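Reading through the structure tokens given below for one structure.
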Amino acid sequence: FFKQKTAYEIGVRLVGSEMCIRDRKSGEAAETPQEEKKPLRAVDLIHAATSRDFVAKDWPQRPELVGPWMRERSITTMFSEAGVGKTQLAMSLALSLASGVNLLAAFGWRIPPQPVDVLYVDGELPAADIVERLRLLYPWELPERLHILSDDAHEGLPSLATDEGRELIDRVLTETGSKVLILDNMSCLLTGLGDHNSAESWDMAQLWLIGLRRRGLAVLTLDLREWPHAGERDRRTVLDDSTTSRTRDVTLAAKAPLLP
């Protein structure tokens with residue numbers, strides 16, 4: 001009743017079955033989606049340059065603004081005790097740059113004859129005092145290239161420790177076309193995070209300052225420091241290895257008498 005299979009026929013059938021199993025597995029593999037490639041990130045495009053290529057690149061120049069210590073694309077801090085005259089000096093600097101008239105020749109500092117736009121941000125003085133000081137320092141018609149942003153005139157500016165505060169300065173810099181930014185002073189403008197010398201306060205602000213430098217701006221920040229008493233170590237000085245000094249190109253320490 002059943003036909004006996006020869007060894008050859010059994011072998012053929014086995015081979016056929018194996019082929020079906022192989023084809024089925026191959027089909028299943030084809031249906032399995034392939035692993036997607038990861039999208040290319042901006043950091044993946046960063047590579048080191050050889051010294052020859054680096055030197056040969058046409059990097060943006062840094063013309064001198066206040067010789068010999070301030071250039072374009074720079075961050076400078078000037079600090080002193082209260083009442084020494086750093087605000088008066090900073091205002092004289094702002095007026096000089098905005099007018100092309102060197103009010104600081106007595107210090108041996110050089111000012112380019114071509115005026116530049118300057119944004120002066122004050123977080124300390126009453127508006128009336130700012131007016132009085134400007135008229136005292138510059139008895140002529142005030143230069144249009146000097147732009148004033150006063151905390152008192154606007155009943156408070158948002159802290160530079162916040163996105164809102166930094167975005168405000170960015171917008172005004174763009175509106176005025178300013179090439180120089182003067183922040184007077186950081187103790188008043190960088191508030192809301194406790195000690196403004198702390199790493200937490202500066203971690204957010206210093207990246208913003210570096211971004212301004214990359215955009216070509218020269219930034220001058222003013223700050224208040226107390227000199228240590230004899231035999232004491234001043235833990236608040238910006239001349240130490242603190243977080244607050246990591247972004248600066250130049251640090252100026254002012255001591256009385258600064259101006260007559």
Side-chain angles (χ1 to χ4, degrees), residues 42-79 86 89-121 138 142-149 160 166-186 189 202-223 238-239 243-254:
V43 69
D44 296 326
L45 302 177
I46 299 177
H47 304 285
T50 67
S51 58
R52 292 183 180 180
D53 291 341
F54 193 88
V55 171
K57 186 174 177 61
D58 187 20
W59 297 107
Q61 297 301 304
R62 303 174 64 221
E64 187 177 82
L65 289 172
V66 182
W69 54 270
M70 178 186 278
R71 292 180 175 272
E72 291 184 10
R73 303 171 64 90
S74 66
I75 302 172
T76 302
T77 285
M78 178 170 58
F79 73 97
K86 59 183 177 297
L89 179 60
M91 284 187 175
S92 299
L93 175 65
L95 288 163
S96 298
L97 289 170
S99 66
V101 177
N102 191 354
L103 304 177
L104 303 170
F107 292 93
W109 294 350
R110 300 180 297 272
I111 301 292
Q114 183 63 36
V116 298
D117 286 278
V118 180
L119 175 60
Y120 195 104
V121 183
Y138 201 88
L142 290 171
E144 291 186 351
R145 288 180 174 268
L146 176 56
H147 312 276
I148 307 294
L149 187 60
L160 294 180
R166 296 188 292 271
E167 289 170 1
L168 168 63
I169 303 301
D170 286 338
R171 176 175 59 80
V172 178
L173 284 170
T174 301
E175 292 173 348
T176 60
S178 295
K179 299 297 183 183
V180 178
L181 171 64
I182 300 177
L183 300 172
D184 183 10
N185 58 58
M186 297 304 286
L189 296 173
W202 274 92
D203 277 345
M204 291 181 288
Q206 70 177 351
L207 292 177
W208 174 67
L209 291 173
I210 292 173
L212 294 178
R213 181 172 61 189
R214 287 179 180 147
R215 286 165 48 185
L217 275 82
V219 182
L220 172 63
T221 66
L222 276 61
D223 214 343
V238 296
L239 297 178
T243 303
T244 62
S245 61
R246 292 187 301 189
T247 61
R248 301 189 187 110
D249 300 289
V250 177
T251 299
L252 301 176

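This chain uses plain numbering: 1 for the first residue, then up along the sequence. Not measured: the values here are computed from a predicted model.
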- Task: Kindly give the heavy-atom pair with the smallest separation between Leu189 and Asp184, and that separation in Å.
- Result: CD1-N, 3.7 Å

- Task: Output all residues satisfying side-chain hydrogen bond (donor to acceptor under 3.5 Å, both in side chains) with Arg62, sequence neighbours left out; order by chain, then residue number.
- Result: none

- Item | Closest heavy-atom pair and its distance - Pro143, Ala98 | CB-O, 3.6 Å

- Message: Testing the basics here: between Ser178 and Thr176, what is the closest heavy-atom pair and its distance to 0.1 Å?
- Response: OG-OG1, 2.7 Å

- Distance-only, no hydrogens or angles: does the Ser74 side chain make a donor-acceptor pair with backbone N or O of Met70 under 3.5 Å? no

- Going by atom types alone, do Thr77 and Thr251 pair a side-chain donor with an acceptor below 3.5 Å? no

- Task: Only pairs at least two apart or in different chains count here, so list each salt bridge (Lys or Arg N to Asp or Glu O under 4.0 Å) that has a residue in residues 101-119.
- Result: Glu64-Arg110, Asp117-Arg145

- Tell me, please, which residues at least two apart from Glu175 pass side chain to side chain contact (heavy atoms under 4.5 Å, CB included). Arg171, Val172

- Task: With rounding to the nearest 0.5 Å, note down the distance linking OH in Tyr120 to CG in Leu149.
- Result: 12.0 Å

- Message: So which atom in Ile75 and which in Leu209 form the shortest heavy-atom distance, rounded to 0.1 Å?
- Response: CD1-O, 3.6 Å

- Query: Residues in ring-ring contact (aromatic ring centres under 6.0 Å, His included) with Trp109, at least two apart?
  - Reply: Trp69, Phe107

- Task: Give a yes or no on whether the backbone of Leu103 and the side-chain of Ser96 come within a donor-acceptor separation of less than 3.5 Å.
- Result: yes

- Note on the structure: Arg214 meets the side-chain hydrogen bond (donor to acceptor under 3.5 Å, both in side chains) criterion, sequence neighbours left out, with none

- Task: Using the test side-chain hydrogen bond (donor to acceptor under 3.5 Å, both in side chains), find all partners of Ser51 that sit at least two apart in sequence or belong to another chain.
- Result: none

- Is it true that a side-chain atom of Glu144 and a backbone atom of Leu142 form a donor plus acceptor pair closer than 3.5 Å? no

- Item | Salt-bridge contact Arg71-Asp249 (side-chain N to carboxylate O under 4.0 Å) | no

